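Here is the structure we will look at.
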Amino acid sequence: MRLSIRFKFMSVLVIAAVAPLVLGLVSVTWLGRRHYERQRGILFRTMASQVGESLGWITREVVHNLDEWVLLTDVPGRLTRILPDVPFDIDVTDPVQVEAIEGRWPDLGVEEFPLNWILENELARHLRRFQALNPLFAEVFVTDAEGRLIASTNKTTDFWQADEDWWQQAAVRPARQAWVEGIHFDESAEVFSLDAALAIRTGQEADGELLGVIKGVLDASAMMRLLREPGHEVRSRTHVVKRDGHILARLFLHSPEPMAEQFGTEFLPEGPDPAPGWTVAALEGTAADLIGYAPLAIDPNGDRRLAVDQVRPMFVLVHDRRDSVLGPVHRYLRSLTVWGIALVFGFAVLGQAIADRRILAPLGVLQRAARTIAETVQTEEGGAPPRPPDRRRVQSGLRAVQRIRTGDEIESLASDFGRMAHRVMRYHEHLEAELTLKTEEIQADLELAREFQESLLPSAYPEIPAPGADLPLALRFFHLYRPALWMGG
């Protein structure tokens with residue numbers, strides 16, 4: 001099966017256009033996805049760092065306020081003054097007495113002893129004034145050096161606090177060094193809280209005698225409502241998690257949502273000073289998420305003397321489904337593919353039209369002219385003389401060749417073909433004239449030879465017996481001359 005040059009040319013045009021398009025789409029898909037994923041990962045990391053720094057700054061500020069209030073309002077002195085007036089004498093070294101007060105504590109009303117004294121003494125009223133000025137504190141209370149509850153803004157879950165980890169951590173720390181626990185649900189304050197505890201020492205000196213411990217229960221939900229959501233045009237979810245993946249809160253809802261689920265967070269960095277970053281991992285199930293993460297670091301400012309220790313590292317995760325994040329890239333690639341195919345088709349049609357006019361049409365003219373000239377020298381089967389040439393067709397074809405103006409090799413080819421065709425036609429005319437002359441000479445010679453041959457044939461024959469003789473037997477002679485063509489036979 002022979003394919004036309006038009007089909008071949010169109011195929012070359014399509015291949016030349018489609019191959020770069022396909023290569024470009026593959027490159028854009030691969031490079032575009034990687035670039036967009038990297039940019040979004042960096043954006044999520046920045047958002048997580050911003051949220052982590054903001055939450056850390058808020059925590060530092062409120063803990064610093066508690067520390068400054070303890071120092072400036074002489075809480076150690078107030079505690080020292082009321083300790084001799086404590087109306088109960090409970091020996092915390094005696095398990096029986098501790099179990100007795102702990103057993104009664106859950107059922108005690110706010111008007112019953114000793115809870116009423118703990119809630120209404122001078123130090124308790126001082127704590128409520130601080131709480132009124134700092135509404136982020138859902139609860140504030142003070143214990144003595146043995147862990148007994150001395151003053152509180154509201155009823156706590158326990159009377160004796162020395163068995164709690166936060167109390168033990170704060171009690172061994174010097175003054176002006178806070179101990180902060182991660183977000184958890186506080187049953188007495190009935191809020192998801194972030195707890196801060198400080199040792200109260202005589203004179204607030206670092207090595208002063210331990211007088212007691214003050215604990216502030218920060219309302220984590222209220223703190224998180226102070227955060228401004230970064231990148232409102234970016235679709236994402238933000239969570240505060242522990243290093244082991246347990247979710248502490250989900251941010252930027254109408255109210256931060258405490259959750260009991262756990263993420264797969266093997267990607268979180270280890271070490272005392274983890275750096276923020278971004279990655280692609282499956283937080284839930286097998287679907288991949290694009291994740292930006294940053295530590296929620298509650299570190300002090302350099303110009304303050306307050307030090308903050310954090311019991312458990314927390315991280316802020318800003319994340320979304322990878323497919324959702326890359327959705328704009330996929331939509332752009334689909335649009336690019338549709339427009340690319342349309343442009344390829346349009347330019348292929350335009351290229352075909354230009355090729356028809358500038359390449360294929362001139363070649364068609366040359367083809368028809370060559371066929372016309374070739375037909376003038378064709379002979380009939382059987383060796384008959386050539387057919388008379390159609391001069392008008394030949395001249396018309398040559399004039400069409402002379403009108404080719406493409407300004408390139410095709411025009412040069414047409415010019416060379418025209419000169420060659422004129423030479424062929426002149427040579428053909430010369431051959432025809434010479435052949436005619438030679439044919440006439442041969443015909444004359446053959447005619448002379450035929451006449452000469454005929455002249456050599458006898459014109460009369462003898463008769464036996466002679467004419468007039470009356471014999472029953474006689475011989476008569478005749479001849480038949482039939483030449484093969486002009487002579488012979």
Side-chain angles (χ1 to χ4, degrees), residues 58-83 86 105 108 110 114-171 173 175-201 204 210-226 298 306 308-311:
I58 293 172
T59 305
R60 287 197 303 269
E61 287 299 306
V62 294
V63 175
H64 178 76
N65 290 343
L66 178 62
D67 178 70
E68 291 291 313
W69 177 78
V70 169
L71 179 65
L72 297 177
T73 62
D74 193 22
V75 171
R78 293 173 185 269
L79 179 59
T80 301
R81 285 195 298 271
I82 70 168
L83 282 177
V86 172
W105 190 259
L108 282 177
V110 294
L115 181 57
N116 58 347
W117 184 85
I118 293 173
L119 297 178
E120 297 300 332
N121 61 52
E122 177 191 351
L123 184 54
R125 291 193 296 270
H126 190 59
L127 295 178
R128 280 195 291 272
R129 285 194 293 271
F130 170 77
Q131 187 182 28
L133 296 174
N134 297 271
L136 289 179
F137 283 93
E139 181 181 70
V140 184
F141 59 88
V142 175
T143 72
D144 62 9
E146 295 180 339
R148 295 178 299 179
L149 189 63
I150 299 300
S152 178
T153 57
N154 54 287
K155 182 181 178 180
T156 61
T157 53
D158 298 301
F159 169 78
W160 187 53
Q161 305 290 334
D163 59 341
E164 300 288 344
D165 182 64
W166 63 265
W167 193 95
Q168 296 170 11
Q169 292 290 346
R173 275 167 169 69
R176 309 218 69 185
Q177 183 169 333
W179 177 258
V180 176
E181 282 193 313
I183 299 173
H184 63 281
F185 185 75
D186 189 282
E187 294 182 2
S188 61
E190 296 184 345
V191 295
F192 279 85
S193 66
L194 190 149
D195 300 341
L198 299 101
I200 302 175
R201 298 186 180 274
Q204 284 297 290
L210 179 67
L211 298 176
V213 175
I214 184 170
K215 177 182 179 183
V217 178
L218 294 167
D219 186 346
S221 298
M223 290 175 56
M224 292 175 187
R225 279 194 290 269
L226 296 177
I298 311 173
L306 175 66
V308 179
D309 289 337
Q310 195 171 348
V311 59

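Keep in mind that what you see is a predicted model, and the values were worked out from it rather than measured.
Counting only distance, with no hydrogens or angles, the side chain of E139 and the backbone of T153 share no donor-acceptor pair below 3.5 Å. At least one donor-acceptor pair closer than 3.5 Å links the side chain of R201 to the backbone N or O of R173. At least one donor-acceptor pair under 3.5 Å links the side chain of Q168 to the backbone N or O of A162. In this structure, the side chain of W160 engages the main chain of E146 through a donor-acceptor pair within 3.5 Å. D67 places no side-chain N or O within 3.5 Å of a backbone atom of V63 that could act as its donor or acceptor partner. Side-chain N or O atoms of D74 include one that pairs as donor or acceptor with a backbone N or O of G77 at under 3.5 Å. Between the side chain of R148 and the backbone N or O of T143 there is no donor-acceptor pair closer than 3.5 Å. Under the 3.5 Å distance criterion, the side-chain polar atoms of D144 are left unmatched by any main-chain donor or acceptor of I150.
For the pair K215 and Q161, the minimum side-chain heavy-atom distance is 4.5 Å or more. Looking at F141 and I118, their side chains never come closer than 4.5 Å, going by heavy atoms from C-beta outward. With a 4.5 Å cut-off on side-chain heavy atoms, T73 and H126 count as touching. Taking 4.5 Å as the limit, some side-chain heavy atom of L218 sits within range of a side-chain heavy atom of F137.
Aromatic ring pairs are classed by plane angle as parallel below 30°, tilted from 30° to 60° and perpendicular above 60°; the pair F159 and W105 is tilted.
Heavy atoms only, all atoms of each residue included: A151 and A124 are closest at CB-N, 3.6 Å.
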(request) Could you walk me through whether E181 and Q169 pass side chain to side chain contact (heavy atoms under 4.5 Å, CB included), step by step? (result) CA-CA 10 Å; E181 282 193 313; Q169 292 290 346; over 6 Å; no
